[in-house]
Amino acid sequence: MSSNPVAETVASLMPRAKAELTELVAFKSVADFDQFPKSQSEGAAKWVAEALRDEGFQDVALLDTPDGTQSVYGFLPGPEGAKTVLLYAHYDVQPPLDETAWVTPPFELTERDGRWYGRGSADCKGGVVMHLLALRALKANGGVPVNVKVIAEGSEEQGTGGLERYAEQHPELLAADAIVIGDAGNFRVGLPTVTSTLRGMTLVRVKVDTLEGNLHSGQFGGAAPDALGALIRVLDSLRAQDGSTTVDGLTGDAEWEGLQYEEEQFRKDAKVLDGVELIGSGTVADRIWARPAVTVLGIDCPPVVGATPSVQAGARALVSLRVPPGVDSAEAAKLLQAHLEAHTPWGARVSTEQIGQGQAFRADTTSPAYAAMAEAMSVAYPGQEMQYAGQGGSIPLCNTLASLYPQAEILLIGLSEPEAQIHAVNESVSPEELERLSVAEALFLRNYAAS
């Protein structure tokens, strides 16, 4: 990184950043209170609130959102008449999954091979620390030239929409000229990237029933309709032979224009086993950023261990459908539900229930904020030009903010590059990326103030 006072300040703050991220990662802040204590999420929220107070933020508050979680808000006033920038991150995390598969404990930040490992280190507790670093660097070098609002969400990973509903009920709270969502990531380590599109999503639970109760498979199997078999047939109907998503009435032939994702690099990033084919058609970028994608997230049925020779009377599954910009998630959910019901065989009884939804997002990349970020990233990443990429995941809050503040410029950056392995075991963050993106955000705020 080329030498400049902001970069030098951020570099000097990295030991403190590591210590703070260690403290924050230690909270088991999974916003599923059937699995993890609510006190852990509340502890993380209080940590963020205290960090904001220490930086001079005013009106710091723990907002009780309608889904039973807390989001943390604070306001840092800038010069008279300055623009206002909202900085977003979330402190809740995904469950650690199989803790025995982690090389080091998931809730202990551990340095290994030049990366910092721990659940939430990249997604998105690292984003909280990134915002703090950027602001500290500016305060040490002439001050923060804009009004800053920070919002740290407490249930983003659960998709329960608490902050979205709260923002709708208090539309003045998060109003800003520009919004930086610190929950995306570079296309690869060292390549500065803004995410210009997000796929939307819907979650549908499907239940199939065929019998009043389980039956002996020797006595009744062959004629008695098997609910698990029926469910498997239904789920199989959601994919073509090549693995492409096939939901009746939902088109899937859009093409991605912009940064392309080479197939061999994708195979490496996704850790696809040798000899296993990728699914779908078109370029990788088409498939993961511009087209719908269905995933069976879970099936309720007897586990192999302890299974009995029975014809199953009922079975259910949770199905996720990601939808690209231009497709309404609510309409996609209706099409998915209709498809599941239409393709259930043997007259089996089927019921579907939508349990989650988020709209797709497309940013205006021609806005002044994007020019300010491009200039900032060229300094933070010498010799590199800012790239535009899509993201297959969803951040439902983006569309809520775009709807509430149609004039606001929304940018998505963050620490979740492929090596971070977010949502998987052994999640990690690159400290170099944390440092460079903190510099980029600080310089962006300075550039944007002058634009």
Side-chain angles (χ1 to χ4, degrees), residues 17-51 62-63 65 67-72 87-111 115-132 150-164 181-185 201 203 297 320 356 358 391 393-397 412 414-431 433-434:
K18 184 181 181 183
E20 289 180 324
L21 190 56
T22 299
E23 294 176 10
L24 198 48
V25 164
F27 292 103
K28 300 178 181 180
S29 52
V30 179
D32 180 349
F33 303 136
D34 292 331
Q35 293 189 69
F36 290 84
K38 189 174 185 179
S39 60
Q40 290 288 309
S41 289
E42 291 173 338
K46 290 175 182 175
W47 188 99
V48 175
E50 192 60 34
L62 300 175
L63 310 177
T65 56
D67 61 354
T69 65
Q70 293 179 318
S71 290
V72 186
L87 304 179
Y88 167 91
H90 62 85
Y91 68 82
D92 71 303
V93 298
Q94 284 282 337
L97 304 176
D98 180 6
E99 294 198 30
T100 64
W102 285 74
V103 175
T104 50
F107 295 104
E108 293 180 17
L109 193 73
T110 307
E111 184 169 359
R115 297 182 67 92
W116 299 344
Y117 286 79
R119 176 57 93 219
S121 56
D123 183 27
C124 179
K125 291 175 176 178
V128 174
V129 174
M130 177 182 74
H131 294 328
L132 292 173
V150 166
I151 188 74
E153 189 174 1
S155 57
E156 191 274 343
E157 298 291 7
Q158 296 300 313
T160 45
L163 181 55
E164 296 155 63
I181 305 288
D183 191 23
M201 58 85 71
L203 287 173
L297 302 183
S320 162
Q391 183 172 300
S394 305
I395 306 176
L397 181 67
L412 294 100
L415 300 163
S416 299
E417 37 75 28
E419 291 180 42
Q421 292 292 291
I422 64 170
H423 294 204
V425 298
N426 298 311
E427 176 185 347
S428 67
V429 68
S430 161
E433 289 288 75
L434 174 59

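Excluded from the calculations below are hydrogen atoms, water molecules and symmetry mates; all remaining heavy atoms, backbone and side chain alike, are included. Keep in mind it's a predicted model, so treat the numbers as computed, not measured.
- Without hydrogens or angle criteria, T110 side chain to E108 main chain gives a donor-acceptor distance under 3.5 Å.
- In terms of modelled atom types and a separation under 3.5 Å, the side chain of S29 and the main chain of Y91 share a donor-acceptor contact.
- Checking side-chain atoms of S430 against main-chain N and O of E433 turns up a donor-acceptor pair under 3.5 Å.
- In this structure a side-chain-to-backbone donor-acceptor pair under 3.5 Å is missing from D123 to S416.
- Here CD of E99 is found 11.5 Å from OG1 of T104. Values are rounded to the nearest 0.5 Å.
- Although no hydrogens or angles enter the test, the distance criterion places a donor-acceptor pair under 3.5 Å between the side chain of K125 and the main chain of F27.
- Taking OH of Y88 as the start and CG of L412 as the end, the distance is 10.0 Å to the nearest 0.5 Å.
- Looking at heavy atoms from C-beta onward, K18 lies in side-chain contact with L109 at the 4.5 angstrom threshold.
- Using a 4.5 Å heavy-atom threshold, the side chains of V150 and V48 count as separate.
- Taking each heavy atom of G182 and C124 in turn, the nearest pair found is O-SG, 3.2 Å.
- Across every non-hydrogen atom of G154 and A31, the tightest pair is O-CB, 3.3 Å.
- You'll find the side chain of V103 stays beyond 4.5 Å of the side chain of Y117, heavy atoms only.
- Of the options Q70, E157, Q40, a side-chain contact (heavy atoms from CB on, under 4.5 Å) to D92 is made by E157 and by none of the others.
- In this structure a side-chain-to-backbone donor-acceptor pair under 3.5 Å is present from K38 to G68.
- The two residues R119 and V25 have their closest heavy-atom pair at O-CG1, 3.7 Å.
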Can you list the steps and then say if V128 with V72 is a side chain to side chain contact (heavy atoms under 4.5 Å, CB included)? CA-CA 11 Å; V128 174; V72 186; over 6 Å; no
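- Counting heavy atoms from C-beta outward, K28 and V93 have side chains that stay 4.5 Å or more apart.
- Looking at N426, its side chain does come within 3.5 Å of a backbone N or O of A101 through a donor-acceptor pair.
- Side chain of Q94 to main chain of H423: no donor-acceptor pair is present (N/O by atom type, distance under 3.5 Å, no hydrogens or angles).
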Applying side chain to side chain contact (heavy atoms under 4.5 Å, CB included), run through W116 and T22 and close with a yes or a no. CA-CA 9 Å; W116 299 344; T22 299; over 6 Å; no
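- The line from CD1 of I151 to CG of L397 is 8.5 Å long, rounded to the nearest 0.5 Å.
- E153 and S71 get closest at one heavy-atom pair: CA-OG, 3.5 Å.
- Of all non-hydrogen atoms in A49 and L62, the two that sit nearest each other are CB-CD2, 4.0 Å.
- Contact between A424 and L97 at its shortest, heavy atoms only, is CA-CD1, 4.2 Å.
- Here the side chain of D183 pairs no donor or acceptor atom with the backbone of H90 at under 3.5 angstrom.
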